[in-house]
Amino acid sequence: MENVQVFIVGAGPSGLATAACLSKLSIPHVVVEREDCIASLWRKHTYDFLNLHIAKEFCELPHMSYPDDSPTYILKDKFLRYLDDYVEKFNISPKFNTLVESCMYDEEGNHWNIIAQDKVSGTTLHYASRFLVVATGENSAGNIPDIVGLQSFHGEAIHSSSYKRGSDYVGKSVLVVGSGNSGFEIAHDLAVHGADTSIVIRSPFHVMTKELIHLGMILARWRLSLILVDFVLVLLAYLFFGDLSNYGIVRPDMGPLLLKAKTGRSAVIDVGTTKLIKKGDIKVFGPISRVRGNLIEFEDGNERYYDALLFATGYKSTANMWLKKDMSMLNSDGLPKNDFPNHWKGANGLYCVGFARRGLPGIAHDAEIVTSDIQSNISMTLFD
């Protein structure tokens with residue numbers, strides 16, 4: 001059994017940010033990662049044209065800024081290069097291909113017993129750690145909803161994490177299920193590459209531009225009321241996009257920043273999708289009622305045949321699969337029981353980073369506050 005001070009599960013941005021903050025405080029730690037690289041979700045399971053929707057000053061990990069010549073909105077490749085440089089700067093050495101199978105707190109020993117498997121050698125690994133940081137994030141596994149008859153679909157049916165580029169679907173009829181940022185971006189990419197594209201919109205959401213969200217975050221940083229900031233953003237969005245309700249896009253009652261703060265639901269950043277919807281190049285449908293082979297039936301009575309279904313229906317946490325018998329921090333869905341800003345700490349030295357539904361800004365906040373709390377607990381132990 002290997003004894004460690006802090007055990008971090010996950011080498012995505014959350015785990016790397018936590019490791020960097022611990023390194024700055026000279027606190028020993030171990031980072032394990034089930035995949036063979038850092039940021040595997042970004043590196044392996046995102047489409048080619050992805051970029052950050054928030055300006056770079058709001059997307060930095062602790063203790064390292066982007067290069068001065070970086071664009072305002074960072075492209076996927078540049079973000080991955082930033083993470084590689086981050087790992088090098090803070091000398092972070094994750095143990096790759098290490099799958100955590102069980103973490104359980106030992107009351108008598110006052111530590112976490114951790115069982116993991118080396119996926120390459122098949123060896124079982126045992127760790128004992130005073131502190132445990134869950135840094136696998138909210139987006140650990142793709143979520144595909146249960147739809148009646150889905151198993152009868154004869155075409156390609158994949159989660160957005162497996163989608164790469166629209167040129168793979170030229171001439172095909174494709175239904176994008178989900179109207180968040182991924183759904184809007186994928187639908188646009190498909191349409192401009194010649195796919196007959198439709199999108200399912202099931203609930204209200206805000207459509208914004210990157211510039212509007214940037215303005216809102218700057219105004220919020222000046223500590224203006226979110227209600228006031230949202231009023232400005234909604235007014236400007238209406239002037240820019242017009243009334244979208246006739247196209248199946250309905251705005252929520254709560255403003256975009258307040259909605260994000262209270263529920264974690266982000267505004268959709270438009271990349272030209274609304275223009276294509278208005279032109280009829282992207283067709284909008286409501287919820288699906290059932291699937292009959294390649295025929296998709298919608299709740300409003302419409303039905304159409306499709307060659308492919310792309311589910312941009314979000315992700316789910318898998319932490320509850322290996323975090324055993326802890327009732328202090330996560331609920332049955334593997335997400336924090338407590339709302340931000342009190343979501344990050346459980347009992348017995350248990351923490352989570354990257355579960356606040358606030359993207360990269362939330363990760364930076366979590367990593368710094370968690371490591372500060374760990375340092376305080378270590379100091380108290382030494383004092384006692």
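Numbers here are sequence positions counted from 1.
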(request) Examine the side chains of Asn3 and Tyr127 and answer whether a donor and an acceptor come within less than 3.5 Å of each other. (result)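 Their side chains do not contain a donor-acceptor pair, so the 3.5 Å distance test is not met.
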(request) Answer yes if the side chains of His45 and Glu35 hold a donor-acceptor pair under 3.5 Å, and no otherwise. (result)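 There is no such pair (donor and acceptor under 3.5 Å, judged by atom type) between the side chains of His45 and Glu35.
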At what distance, to the nearest 0.5 angstrom, does [atom1] of [X] lie from [atom2] of [Y]?
X      : Y      : atom1 : atom2 : result
Asp270 : Thr209 : CG    : OG1   : 8.5 Å
Lys262 : Leu226 : NZ    : CG    : 9.0 Å
Met104 : Asn113 : CE    : CG    : 8.5 Å
Leu80  : Asp85  : CG    : CG    : 11.0 Å
Thr72  : His214 : OG1   : NE2   : 7.0 Å
Ser182 : Asp189 : OG    : CG    : 12.0 Å

(request) Can you label the angle between the Phe298 ring and the Phe285 ring as parallel, tilted or perpendicular, going by 30° and 60°? (result)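 The arrangement is parallel - the two ring planes meet at less than 30°.
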(request) Evaluate the ring planes of Phe79 and Trp42, with Trp represented by its six-membered ring, and classify them as parallel (under 30°), tilted (30 to 60°) or perpendicular (over 60°). (result)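 Ring orientation of Phe79 relative to Trp42: tilted.
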Any Lys/Arg nitrogen of [X] or [Y] sitting under 4.0 Å from an Asp/Glu carboxylate oxygen of the other?
X      : Y      : value
Asp196 : Lys283 : yes
Lys44  : Asp36  : yes
Asp69  : Lys78  : no

Specify the closest pair of heavy atoms between [X] and [Y], including all atoms of both residues, with the distance to one decimal.
X      : Y      : value
Asp84  : Arg43  : OD1-NH2, 3.0 Å
Ser266 : Lys260 : OG-NZ, 2.8 Å
Asn181 : Ala267 : ND2-O, 3.1 Å
Ser328 : Ala347 : OG-N, 2.9 Å
Pro13  : Ile363 : O-CG2, 3.8 Å
Leu257 : Gly216 : CD1-O, 3.6 Å

(request) Report yes or no: is the cationic atom of Arg358 (NZ for Lys, CZ for Arg) closer than 6.0 Å to the six-membered ring centre of Phe340, at no more than 45° off its axis? (result)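 So Arg358 does make the cation-pi contact.
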Quick one: does [X]'s side chain have a donor or acceptor within less than 3.5 Å of a partner on [Y]'s backbone?
X      : Y      : result
Lys337 : Met327 : yes
Asp307 : Glu156 : no
Asp106 : His111 : no
Lys119 : Arg34  : yes
His188 : Ile282 : no
Lys56  : Ser70  : yes
Ser140 : Glu138 : no
Asn320 : Leu323 : no
Asn377 : Gly349 : no
Tyr305 : Ser173 : no

Linking I/L/V/M/F/W/Y whenever any side-chain heavy atoms sit under 4.5 Å apart, do [X] and [Y] land together?
X      : Y      : answer
Ile54  : Leu215 : yes
Val234 : Leu236 : no
Ile186 : Ile199 : yes
Val200 : Leu150 : yes
Tyr105 : Leu350 : yes

(request) Give a yes or no on this: more than 12 heavy atoms of other residues, nucleotides or ligands lie within 6.0 Å of atom CG of Leu228. (result)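 Atom CG in Leu228 is packed in, count exceeds 12.
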(message) I want to know whether Tyr247 and Phe241 have ring centres closer than 6.0 Å.
(response)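 Aromatic pair excluded; centres sit 6.0 Å or further apart.
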(message) Measuring centre to centre across the rings, with the benzene-like ring taken for any Trp, is Tyr315 within less than 6.0 Å of His159?
(response)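 Yes.
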(request) Sequence neighbours left out, what pairs pass salt bridge (Lys or Arg N to Asp or Glu O under 4.0 Å) with at least one residue falling in residues 359-373? (result)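 Of all non-adjacent pairs touching residues 359-373, those that pass salt bridge (Lys or Arg N to Asp or Glu O under 4.0 Å) are Lys345-Asp373.
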(message) If we check side-chain hydrogen bond (donor to acceptor under 3.5 Å, both in side chains) with Asp48, which of these qualifies: Arg165, Lys164, Lys76?
(response)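 Going through Arg165, Lys164, Lys76 one by one, the side-chain hydrogen bond (donor to acceptor under 3.5 Å, both in side chains) with Asp48 is satisfied by Arg165 alone.
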(request) Would you sort out whether Asp281 and Lys275 count as a salt bridge (charged side-chain N to carboxylate O under 4.0 Å, His left out), showing the intermediate values? (result) CA-CA 9 Å; Asp281 293 343; Lys275 182 178 180 180; over 6 Å; no
(message) Using the rule side chain to side chain contact (heavy atoms under 4.5 Å, CB included), only one of Leu309, Val291, Ile296 pairs with Ile147; which is it?
(response)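 The passing option is Val291.
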